[in-house]
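A short write-up of the structure that comes next.
Each ligand, and each atom within it, is numbered from 1 in the order the structure gives.
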Amino acid sequence: MAFTLPALPYATDALEPHIDKMTMEIHHGKHHQAYVDNLNKAIAGTEHENKSLEELVKNAGKISPAVRNNGGGHWNHSFFWEILGPNAGGKPSGKLADAITSAFGSFETFQEKLNTAGITRFGSGWAWLIIRDGKLEITSTPNQDNPLMDLADVKGTPILGIDVWEHAYYLKYQNKRPDYLKAIWNVIDWKKVGKLYEKAEAVAVH
Ligand code: MN3
């Protein structure tokens, strides 16, 4: 069965003014759609045709550059839309808040470190908060790679990811990636990130 573009869990203008409607329309409707279409083309008629997206992503380095780029693109964007939302922002609570304070000292230090990971990622890529060996860690990946991939330098389970490709921010923020990274905190849905943390933490080996 071919992969399909998941619907956005909110309207394309729901993240205004932080992420503008036109960026969301093009990012979801054109860029994400292209990853889905090209992934389907890459696996059509091959032994990988009926594999799950997660299985393809985890073995991307052994399959093909097309699956690495487009399978990664599909997984990363599907994940990204889910952890953003309107009426969001603020700070995490509960177990995730405690884990962030314990790993980074404070929520503000964590934000700075994740922003630095995004700003210093040369060219296109993603900044991530992951669970690795039961602990929170910040990392970044080039292009459409992610920390689930067999070829990632730092492997782990993503619980938060920020797209730092120019297509994610250029219409509103032009070359000012730091301004986009400052604004995105207003649309991070901590309830969803908290659930991902509790789920990943429950299966992590301590
Ligand atoms: Mn993108």
- Would you call E108-K91 a salt bridge at under 4.0 Å N-O? yes
- Item | Identity of the N, O or S atom of H77 lying closest to the Mn ion (ligand 1) | NE2
- Message: For the Mn ion (ligand 1), give me the closest N/O/S atom belonging to D163, just the atom name.
- Response: OD2
- Flag the pair I162 / Y180 as yes when at least one side-chain heavy-atom distance between them is below 4.5 Å, and no otherwise. yes
- Message: Can you confirm whether W126 sits close enough to N76 that some side-chain heavy atom of one is under 4.5 Å from a side-chain heavy atom of the other?
- Response: yes
- If we ignore angles and hydrogens, is there a donor and acceptor under 3.5 Å between the side chains of D20 and T23? yes
- Message: Can you check the angle at the Mn ion (ligand 1) formed by NE2 of H167 and NE2 of H27? Round it to the nearest 10°.
- Response: 90°
